[in-house]
Amino acid sequence: MAALENLANQVTLALRNSAVHRDLTVLAEVDNLTGLANRAAFNAALSRDLEGVADRETTVLFVDLDDFKYVNDAYGHHAGDELLQVVAARLREVTRPSDLCARIGGDEFAVLLRRTGEAASAEIAQRVVEAVSAPAALEDAVVHVGASVGVASVVGGDDAETLVHRADVAMYSAKAQGKARVQVFEAGLLRGDPTRVAFERDLATAAANGQLVVHYQPVVTLDDGRCAAVEALVRWQHPERGLLAPDEFIGVAERIGAIGSIGAAVLRQAVADVARWRDSLPGPGLSVHVNVSALQLDDDAFTIAVAECLREFDWPADRLVLEFTETVVISSPAAIGRLRGLSASGVQIAIDDFGTGYASLTTLRSLPVQIVKIDKSFISGSTTNVEDRAVTEGISTMVTRMGLRAIAEGVERPEQRDLLMSIGVHEAQGFLYLSPQPAAELLAWLTDHHAATDEPDAYTVIPFIPRRAL
Ligand code: C2E
Ligand code: CA
Ligand code: CA
């Protein structure tokens, strides 16, 4: 139900917007899911506050949910979204209206406590831990999560970034001590836990040390099983821990500022690989999809890297697809400006994981998007549960009517493919076709699937299901 409501809300939002044309800057300051301030708005407010405050009068709480992933995995992302909304409401309850609560990442929140010193802030932080830890009655389940909170008060002349970093460091320490705790920042914490420090240090140099490996997964045209594009998915060949999946390090890379070098390396490798394959593959040109973190739009480095890369490998701009998750929507007007610049240069823009709660149809109207990737959680439920099916069909219909392309992610079973075809989705990715592969394996697979018009194995013809007339 939550998913349907969410979709309905998105439609309402889009309709309302078509009449009102809400100012983009308003959108850019609010986290769509929770209504709290977003990361950019929080940083801007904190910077303003730090101009001229006396020491220890401004405090930042960094709040990270404990075991949020468990709720998402066990009950699905609808429950996860509901929980984030509950947490947002509780944060507001235990703080004053003059304080600023923000959601600054997936399950990360920050609170700006104005005119509040360290001792009082630690008490508020404790209230936050207690409030968040109370059971939350969601639509389908009652869940318990905790919160780890780091507290950092301004010390002479700190800038916003330093203060948030200190609160983050304190939060990590709180979590390391056993969750559902408060930790006030102290300088000793900067030395940190040696394993984590080593991991972060290695990650910061992973790109420069040539430890990133790019795997590829095909995007297949459902009608003929032909490969239309490949998506680059990074892995880290860690010196001791082996090949690590992106979920184990992309978030850390974003936090420590290593995402810029990693993103640039993946982009270059991906374009270099497809440009090399071009010569051995007859037929129509492949496109290459590269995942981009919203943080990579915080300055001009990425835009410049894209232009250089296209020039160096003589790769047509319109066959590079940049995939952003909806967090771009909660970024600054400057970031949105860069996205528009990329789009104006001919590069295609895709919204990844669409439907997971942070994007709305407004995103599609206000950003230069050509492709929408329907999140795999909907596809996995699409043949077994009516809500996921409704969401899949709803997104597909809206996306197509807006003149955009829909790509379904995570197609694992033939019946999911059949359903997608019957509702008018023409492109998909998933284990049914091929899991992400190293470059050499992918090239071998492409040799059979690129120009070929073979139908996929166990192909079944689905009767055309007419949609209701308008
Ligand atoms: P994503 O962009 O949504 O990528 C799809 C993920 O789904 C991949 O996981 C892929 O292996 C997995 N997948 C593909 N087909 C299926 C299927 O049929 N069933 C299931 N259950 N899963 C499937 P992977 O490679 O672990 O990547 C995870 C996420 O890491 C990506 O999600 C993307 O958000 C991020 N990521 C990967 N490479 C990069 C990168 O270079 N830069 C950035 N910023 N993020 C990246
Ligand atoms: Ca992606
Ligand atoms: Ca995705």
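Both counts, for ligands and for their atoms, begin at 1 and track the order of listing. Treat the numbers as computed from the prediction; the structure is a model and nothing was measured.
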> For atom 44 (N) of ligand 1, which protein heavy atom lies nearest, and how many Å away is it?
Replying inline: Ser293 N, 3.6 Å
> What is the nearest protein non-hydrogen atom to atom 42 (N) of ligand 1, stated with its residue, atom name and distance?
Replying inline: Asn291 O, 3.4 Å
>> Considering non-hydrogen atoms of the protein only, which is the closest contact for atom 4 (O) of ligand 1, and what is the distance?
In response: Leu233 CD2, 3.5 Å
> Under the 3.5 angstrom rule, does the side chain of Glu308 hit a backbone N or O of Ala305 as a donor-acceptor pair?
Replying inline: no
>> Just to be sure I read this right, does ligand 1 sit under 4.0 Å from the backbone of Arg235, its side chain, both, or neither, counting only heavy atoms?
In response: side chain
> Can a donor-acceptor pair be found between the side chains of Gln269 and Asp273 at a distance below 3.5 Å?
Replying inline: yes
>> Taking the six-membered ring for Trp, are Trp445 and Tyr216 closer than 6.0 Å centroid to centroid?
In response: no
> Does even one non-hydrogen atom of Lys373 get within less than 4.0 Å of ligand 1?
Replying inline: no
> Starting from atom 1 (P) of ligand 1, which protein heavy atom do you reach first, and at what distance in Å?
Replying inline: Asp352 OD2, 4.0 Å
>> Under 3.0 Å from the Ca ion (ligand 2), which protein N, O or S atoms do you find? Ignore water molecules.
In response: Glu231 OE2, Asn291 OD1, Glu323 OE1, Asp352 OD2
>> Are the side chains of Phe313 and Arg276 in contact, using a 4.5 Å heavy-atom criterion?
In response: no
>> Which residue and atom name correspond to the protein heavy atom nearest atom 21 (N) of ligand 1, and how close is it?
In response: Glu412 OE2, 3.0 Å
> Does the ring center of Tyr70 lie less than 6.0 Å from the ring center of His144?
Replying inline: no
> Is a side-chain donor or acceptor of Glu82 paired with a backbone partner of Glu139 at a separation under 3.5 angstrom?
Replying inline: yes
>> Could you go through Thr303 and Asp300, starting from their C-alpha distance and side-chain angles, then the distance that decides it, and tell me whether this counts as side chain to side chain donor-acceptor pair (under 3.5 Å)?
In response: CA-CA 5 Å; Thr303 324; Asp300 290 326; 4.7 Å; no
> atom 5 (C) of ligand 1: which protein heavy atom is closest, and how many Å away?
Replying inline: Lys376 NZ, 4.0 Å
> Can Gln429 be said to touch ligand 1, with heavy atoms closer than 4.0 Å?
Replying inline: no
> Does Glu254 reach ligand 1 with a nitrogen or oxygen that is under 3.5 Å from one of the ligand's nitrogen or oxygen atoms?
Replying inline: no
> Has Glu231 got any heavy atom lying under 4.0 angstrom from an atom of ligand 1?
Replying inline: yes
> So does Arg39 pair up with Asp298, basic N to acidic O under 4.0 Å?
Replying inline: yes
> Is Arg268 atom CZ crowded by more than 12 heavy atoms from other residues, nucleotides or ligands, each under 6.0 Å away?
Replying inline: no
>> Under 4.0 Å from a heavy atom of Val266: which atoms of ligand 1 are those, numbered in the order shown and with their elements?
In response: 41 (O)
> Which one of Gln217, Glu323, Arg413 has a non-hydrogen atom at the shortest distance from atom 15 (N) of ligand 1?
Replying inline: Gln217
> Does ligand 1 have an atom under 4.0 Å from some heavy atom of Pro436?
Replying inline: yes
> Should we say atom CD of Gln237 is surrounded by more than 12 heavy atoms from elsewhere, each under 6.0 Å from it?
Replying inline: yes
>> Below a 4.0 angstrom heavy-atom separation, can you tell me which part of Thr325, side chain or backbone, both or neither, approaches ligand 1?
In response: neither
> Do Val234 and ligand 1 have an N or O pair less than 3.5 Å apart?
Replying inline: yes
> Between Glu200 and Arg255, does at least one N-O distance fall below 4.0 Å, as a salt bridge requires?
Replying inline: yes
> Can you tell me the protein heavy atom closest to atom 24 (P) of ligand 1 and the distance?
Replying inline: Pro246 CG, 3.7 Å
>> Counting only nitrogen or oxygen atoms and a 3.5 angstrom limit, does Phe431 reach ligand 1?
In response: yes
> Can any side-chain N or O of Glu393 pair as donor or acceptor with the backbone N or O of Ala390 at less than 3.5 Å?
Replying inline: no
>> Tell me whether the rings of His238 and Trp236 are parallel (<30°), tilted (30 to 60°) or perpendicular (>60°).
In response: perpendicular
>> Suppose we measure from atom 3 (O) of ligand 1 to each protein heavy atom; which comes out shortest, and what is that distance?
In response: Asp353 OD1, 3.3 Å
>> Has Asn291 got a side-chain atom pairing as donor or acceptor with Ala232's backbone, closer than 3.5 angstrom?
In response: yes
>> Using side-chain heavy atoms (C-beta onward) and a distance below 4.5 Å, is Leu322 in contact with Phe302?
In response: yes
>> Under 4.0 Å between a side-chain nitrogen and a carboxylate oxygen: does that hold for Arg405 and Glu427?
In response: yes
> Counting only non-hydrogen atoms of the protein, does one fall under 4.0 Å from atom 30 (O) of ligand 1?
Replying inline: yes
> Which atoms of ligand 1 are found less than 4.0 Å from any heavy atom of Asp247?
Replying inline: 28 (C), 29 (C), 30 (O)
> Do Lys373 and Glu323 have side chains that get closer than 4.5 Å, going by heavy atoms?
Replying inline: yes
> Which of the numbered atoms in ligand 1 are below 4.0 angstrom from a heavy atom of Glu409?
Replying inline: 3 (O)
